[in-house]
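For reference, the structure is listed below as structure tokens.
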Amino acid sequence: MRSVNPATGEELANYEDHDGDDVDAALGAATNAFESWADRNVEERCDLLDDAADVLREKTETYAELMTEEMGKPIDQARSEVEKCAWVCEYYAEHAPEQLQTERMASDAGERAEVRYEPLGPVLAVMPWNFPFWQVFRFAAPNLAAGNVGLLKHASNVPGCALAIEEVFEEAGFPEDAFQSLLIGSDLVEDVIRDDRVVAATLTGSERAGRSVGETAGNELKKTVLELGGSDPFVVLDDADVQQAAETGAWARVQNSGQSCIAAKRFIVHADVYDEFVDAFVDEMDDFEVGDPKDADTDVGPQAREDLLEDMHEQVRQSVEDGATVQTGGEPLDWDGPYYPPTVLTDVPRDSRAATEEVFGPAAAVFRARDEDHAVEIANDTKYGLGANLWTEDRERADRLADELRAGSVFVNSYVGSDPRLPFGGIKASGYGRELSEHGIREFVNRKTVHVE
Ligand code: NAP
């Protein structure tokens, strides 16, 4: 597995892939580790999560630089990602004991009924490169607290991050093999899921990968959580604070250089404020600093791989061919490295690729809505259902429309984000199940009913 800096094209490291024997040994070790890990009390497990937060904070710079080098994340955003990982560890260290506490249920006189939350065993996590630390920690923190052990199959372009995360848990004092990284390609994932020693699987990634993991695990009757792609709408109504919406919306599109599942991707703007919004939005997009991800002033770094930029540009190019108008950007920058400028497309045909597919880069598609109903109709006209952003100054209107937007979350007058305290996940082709909060920690546990007469 090669680790290549997308900004420079330089090879950072070359790792030996794990073979079948290595995987077999790792699964055996995970099974053994689970026996003793599940037996510890939850407070003890949570103390170690607090220690993991300390390790992350002590080595923020090292881990941030690693992410920046392996996948091009602007360094300031990488530092924030490490801090967020520390936060999710601390969140579960504090709340998991209560979230996993046995719950008394209604029963007849003289009886006792309760639900206990028991760990399941080794869980496989297949993870993407775009938030190479955060995606893993939001799986690992609740699952380790719950008493499961983790097996990480990270994306093939971030093996250094995969090994560094393993190291965080080791340094924090977790038992050996409670969390292991498997350096394997996606072709070996099916075998791992089918192995009897693996009890469940979660995947964060594309719809295609989600379908594959879901199919195999379904066939094995193993539970899955799937966090897949999105094409989140950003709806701006006629009573919105348009300038603020443009500023927030632009950042919501280009965060992580546009490579975020919950980035705002389709901007749906009420006709009465359309021109004002587009002018302000284009200005905001033009103001971003594109450049070296190691420079603290950079807002938008390179795309994580050359082939990803090419795929994204093809979506833009074909949408323009189908009738979209380029307001700014629209062509890769003629620089060394896969750099793409913040791009705004208007007059985007509803059946074009920018409207119907996930655009995983800093290119926004803007649509004009006749009225509120039309805006909701465009927003829901997607196979995805991850997040939705809604801008209006009217709270009653916001509450009513939040019911109508078909997505796993609706954020009003801000942009969709993930937060350890809130459940995170999608519907439709964005997947199923939830991560984070008490909802996330209960996905991979046996909710055991005990009834005593
Ligand atoms: P990807 O190609 O699906 O890869 C994600 C992970 O799945 C990688 O570890 C990859 O391994 C593995 N994988 C790929 N094909 C597989 C298969 N057929 N069977 C089993 N595993 C497979 O996605 P990506 O390009 O890395 O990430 C971008 C996608 O992730 C976007 O669609 C984005 O929206 C989505 N995403 C969703 C969320 C969410 O929370 N909903 C968060 C972040 C990203 P290899 O690298 O070895 O191929």
Side-chain angles (χ1 to χ4, degrees), residues 1-4 6 15 17-18 70-71 73 81 84 124-139 151-159 161-162 165 181-194 198 201-219 224-232 255-265 303-305 307-312 315 357-361 382-387 407-409 416-419 422-436 440 443:
M1 235 166 243
R2 286 174 73 233
S3 176
V4 177
Y15 301 87
D17 281 19
H18 288 162
E70 270 199 326
M71 51 68 69
K73 189 184 297 279
E81 183 166 336
K84 197 166 173 182
L124 172 69
V126 183
M127 290 289 152
W129 48 264
N130 62 337
F131 291 94
F133 268 59
W134 169 243
Q135 308 287 6
V136 177
F137 275 90
R138 78 180 186 185
F139 153 77
L151 292 159
L152 170 65
K153 180 269 176 279
H154 217 325
S156 294
N157 55 331
V158 288
C161 290
I165 293 167
S181 285
L182 306 176
L183 296 187
I184 56 173
S186 52
D187 54 321
L188 285 186
V189 169
E190 178 173 347
D191 289 349
V192 176
I193 296 173
R194 290 202 189 280
V198 171
T202 182
L203 176 134
T204 300
S206 61
E207 185 189 338
R208 184 184 43 79
R211 284 184 194 282
S212 169
V213 163
E215 187 181 335
T216 307
N219 191 259
T224 45
V225 166
L226 299 178
E227 299 283 0
L228 310 179
S231 185
D232 287 8
Q255 56 172 315
N256 208 38
S257 308
Q259 304 163 122
S260 169
C261 53
I262 46 170
K265 290 170 186 145
Q303 302 298 286
R305 295 193 316 255
D307 61 302
L308 294 165
L309 177 140
E310 282 164 15
D311 290 349
M312 196 260 303
Q315 290 173 307
E357 298 178 3
E358 175 179 41
V359 177
F360 217 58
T382 169
K383 65 178 173 173
Y384 294 111
L386 195 51
S409 65
V416 178
S418 58
D419 177 324
L422 302 176
F424 183 95
I427 57 171
K428 306 196 309 188
S430 293
Y432 51 74
R434 291 293 177 268
E435 292 191 292
L436 302 175
E443 287 284 5

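We count ligands from 1, going down the list as the structure has it; atoms in each ligand are counted the same way. The structure displayed is predicted, hence computed values, not measured ones.
Between Asn157 and Arg2, the side chains place no donor N or O within less than 3.5 Å of an acceptor N or O (distance only, hydrogens not considered). Judged purely by distance below 3.5 Å, without hydrogens or angles, the side chains of Ser231 and Lys383 never pair a donor atom with an acceptor atom.
A cation-pi arrangement is present between Arg138 and Phe424 under the rule of less than 6.0 angstrom and at most 45 degrees off the ring axis.
Residue Met127 places at least one N or O, backbone or side chain, under 3.5 Å from an N or O of ligand 1. Residue Asn130 has no N or O atom closer than 3.5 Å to an N or O atom of ligand 1. In terms of polar-atom proximity, defined here as any N/O pair under 3.5 Å, Glu207 makes no such contact with ligand 1. For the pair Ser206 and ligand 1, the shortest N or O to N or O distance falls below 3.5 Å. In terms of polar-atom proximity, defined here as any N/O pair under 3.5 Å, Pro128 makes no such contact with ligand 1. By the 3.5 Å distance cut-off applied to N or O atoms, Lys153 is counted among the residues near ligand 1.
In terms of the ring-ring contact (aromatic ring centres under 6.0 Å, His included) criterion, Phe131 has no residue partners (sequence neighbours excluded). Residues passing the ring-ring contact (aromatic ring centres under 6.0 Å, His included) test with Phe137 are Phe169, sequence neighbours excluded.
The protein atom (non-hydrogen) at minimum distance from atom 25 (O) of ligand 1 is Trp129 NE1, 3.3 Å. Looking only at protein heavy atoms, the nearest one to atom 32 (O) of ligand 1 is Glu358 OE1, 2.6 Å.
Counting heavy atoms closer than 4.0 Å to ligand 1, residue Val189 contributes side-chain atoms (C-beta onward) but none from N, CA, C or O. Residue Ser212 touches ligand 1 through its side chain alone, judged by heavy-atom distances below 4.0 Å. At a heavy-atom cutoff of 4.0 Å, ligand 1 is contacted by no atom of Leu308, backbone or side chain. Contacts between Phe360 and ligand 1 below 4.0 angstrom, taking non-hydrogen atoms only, involve the side chain exclusively. Counting heavy atoms under 4.0 Å from ligand 1, residue Leu203 touches it through the side chain alone.
At a distance under 4.0 Å, a protein heavy atom can be found next to atom 46 (O) of ligand 1.
Residue contact annotation: Phe424 has a non-hydrogen atom under 4.0 Å from ligand 1. Under a 4.0 Å heavy-atom criterion, Gln259 is not in contact with ligand 1.
Classification of Glu358 and Lys265 as a salt-bridged pair holds, one side-chain N sitting under 4.0 Å from a carboxylate O. Between Glu207 and Arg211 there is a salt bridge, since at least one side-chain N of the basic residue sits less than 4.0 Å from a carboxylate O of the acidic one.
Looking at Gly205, Gly425, Gly387 and measuring to atom 30 (O) of ligand 1, the nearest heavy atom belongs to Gly205. In this comparison of Glu435, Glu215, Arg138, the heavy atom closest to atom 40 (O) of ligand 1 sits on Arg138.
Residues Ser156 and Trp129 have side chains not in contact (no heavy-atom distance under 4.5 Å, counting atoms from C-beta outward).
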